[in-house]
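Keep in mind that the numbers below use all heavy atoms, side chains included, and drop hydrogens, waters and symmetry copies. Whatever order the structure lists ligands and atoms in, that order sets their numbers, starting from 1. Starting from 1, each residue takes its place in the sequence as its number.
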Amino acid sequence: MPRRRKILVLFGTRPEIIKLAPVIRELHKSSFMTTIVSSSQHRHLLEPFLKVFGVVPDHDLDLMRKDQTLNHICSEVIRSLDEIILTERPDVILVQGDTSTALAGAIAGFNCKIPVGHVEAGLRSGDRMSPYPEEMNRRIISQIADFHFAATEANRHRLLAEGITEKRIEVTGNTVVDTLTTYSAEVKPSKDLGEILGRARSMKLVLLTSHRRESFGSIMEQNLRVLSDFVRSRPDVCLLFPVHPNPNVGSAAGSIFADQERIYLVDPLDYNDFIAAMKAAWLVVSDSGGIQEEAPSLGKALLVLRENTERNEAIEAGVAKLVGGDPKKLKEMLESNYNDESWIESVRTIKNPFGDGTASKRIVAYLKKVL
Ligand code: UD1
Ligand code: UDP
């Protein structure tokens, strides 16, 4: 009887577990064996998601340190994976996206001559320093990977243009839509979030997230000031900001929004609460990657707090608008949407360009075909 193939699935951050949980579920339903490895690049952010998705890591690299450096993450993941690969002998290592955990997982696989599968392949901003270091991480992972799971046709074309062989690319949609489809129908806010949403019910709720390294410092502070002024001068607007645990974010949020009326600073929300908050939002303002892919499914207009985006499909579909690096533009966009809500209204019925909720099934089917 042929040996059952084993897939090592590696993640370490919040977006990775959100996007790999449905793949793990499909693998468990299949004939593949699995080894689930968490780098714990995010320790606190990850925990509630492991619980809600029912994912139990076989190995926990437990590497998170306060103010960790990119090199600390990469070197610890590579060092620890060496031993795990030796004992578990996986046939494929599956990594997701563009984090330091994913980059290090791909390098570790390559060095041990284990084929690497890349979920969410082919995203490119075109600027090697933005998002930093994610754009370079993705490019390197594409060079290493043997199997490329592209969310969209545009992603596939980027890979082909870089010389990746056609038969190694599978267009699957983004697995974030699988997760959202599974969980969004049933969300019910927790008591704490419910209280905030209750107070926001008759108001325009802006949902804000911001955590990108390239905007730390002046740009992030200026953007937060613009939002603070916008809320202060409009009594029917409130703002909810789940603050990322990176100390750079907390210190900016604490100093600019301190004790301001109608601004709610909360700890990062679990998935259930975050989706409930998105559903309740009048407008989402964010520099997140995943939120650009989720907003279309929830019919929410999104202002992208970045210089560029590798998720152009959201802009082309009309769900998102790019703010760029100039806080004055954010001010203008907030004001124009407050005065004329036609764009926000129009977004409600737009189809999600990032997939139909079957990406994980397609990924596992492809692996079955090639292994
Ligand atoms: C990482 C990813 C980024 C992704 C983001 C999602 C890289 C290079 N970047 O960035 O692509 O968008 O995750 O959130 O991999 N911290 C905690 N507890 C946690 C998580 C983080 O205290 O559970 C604090 C620590 O002080 C840590 C800092 O946040 O040093 C930054 O975390 P890190 O994983 O290094 O980078 P992110 O900015 O979260
Ligand atoms: N998210 C969450 N709680 C929060 C903020 C975000 O559950 O308080 C989810 C969100 O729904 C999305 C993902 O986290 O699926 C995005 O992660 P993040 O913004 O940290 O990373 P990125 O997508 O930018 O890499």
Taking distance alone, with no angle check, do [X] and ligand 1 share an N/O pair under 3.5 Å?
| X | result |
| --- | --- |
| His42 | yes |
| Glu134 | yes |
| Gln68 | yes |
| Thr101 | no |
| Ser100 | yes |
| Leu45 | yes |
| Lys66 | no |

Any atoms of ligand 2 less than 4.0 Å from a non-hydrogen atom of [X]? List them with their elements.
| X | answer |
| --- | --- |
| Leu269 | 2 (C), 3 (N), 4 (C), 7 (O), 8 (O) |
| Phe49 | 2 (C), 7 (O) |
| Gly289 | 22 (P), 23 (O), 24 (O) |
| His211 | 18 (P), 19 (O), 20 (O), 21 (O), 24 (O) |
| Pro268 | 8 (O) |

For the pair [X] (side chain) and [Y] (backbone), establish whether a donor and an acceptor sit closer than 3.5 Å, ignoring hydrogens and angles.
| X | Y | answer |
| --- | --- | --- |
| Ser288 | Ile291 | yes |
| Glu135 | Ser125 | yes |
| Asp270 | Asp273 | yes |
| Glu76 | His72 | no |

| said: On a heavy-atom basis, which atom in Phe11 and which in Pro57 lie closest, and how many Å separate them? | reply: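 Closest approach of Phe11 to Pro57, heavy atoms only: CZ-CG, 4.4 Å.
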| task | Please state whether Glu47 comes within less than 4.0 angstrom of ligand 1, counting heavy atoms only. | result |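 In this structure, Glu47 fails to qualify as a contact of ligand 1 - no heavy atom is under 4.0 Å.
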| query | Any heavy atom of Leu46 sitting closer than 4.0 Å to ligand 1? | reply |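 Distance cut 4.0 Å: Leu46 fails for ligand 1.
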| Other residues, nucleotides, ligands: >12 heavy atoms within 6.0 Å of Phe216 CZ |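 Enclosed: over 12 neighbouring heavy atoms sit under 6.0 Å from CZ of Phe216.
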How does [X] reach ligand 2, if at all, at less than 4.0 Å between non-hydrogen atoms: by side chain, backbone, both, or neither?
| X | answer |
| --- | --- |
| Ile18 | side chain |
| Arg212 | side chain |
| Pro242 | side chain |
| Met278 | neither |

| query | What residue and atom, counting heavy atoms only, is the protein's closest point to atom 21 (O) of ligand 2, and at what distance? | reply |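 Answer, as residue, atom name and distance: Pro15 CG, 3.4 Å.
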| query | Does the N or O separation between Arg14 and ligand 2 drop below 3.5 Å for any pair? | reply |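 The answer is yes, given that Arg14 and ligand 2 share an N or O pair closer than 3.5 Å.
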| Heteroatom distance test (His244, ligand 2): nitrogen or oxygen, under 3.5 angstrom |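 In this structure, His244 places no N or O atom under 3.5 Å from an N or O of ligand 2.
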| Does the gap between the ring centers of Phe241 and Tyr264 come in under 6.0 Å? |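 No.
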| message | So that I can tick it off, tell me whether Glu162 and Arg124 are bridged by a salt bridge, with the cut-off set at under 4.0 angstrom between side-chain N and carboxylate O. | response |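 A salt bridge is present here (some side-chain N lies under 4.0 Å from a carboxylate O).
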| Under a 4.0 Å N-O cut-off, is there an ion pair linking Asp356 with Arg362? |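 A salt bridge links Asp356 with Arg362.
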| said: Which residues pass the side chain to side chain donor-acceptor pair (under 3.5 Å) test with Asp229, not counting sequence neighbours? | reply: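 Partners of Asp229 by the side chain to side chain donor-acceptor pair (under 3.5 Å) criterion, ordered by chain and then number, come out as Arg232.
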| message | Parallel, tilted or perpendicular: which one describes the rings of Trp282 and Tyr338, with boundaries at 30° and 60°? | response |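 Aromatic pair Trp282/Tyr338 classed perpendicular.
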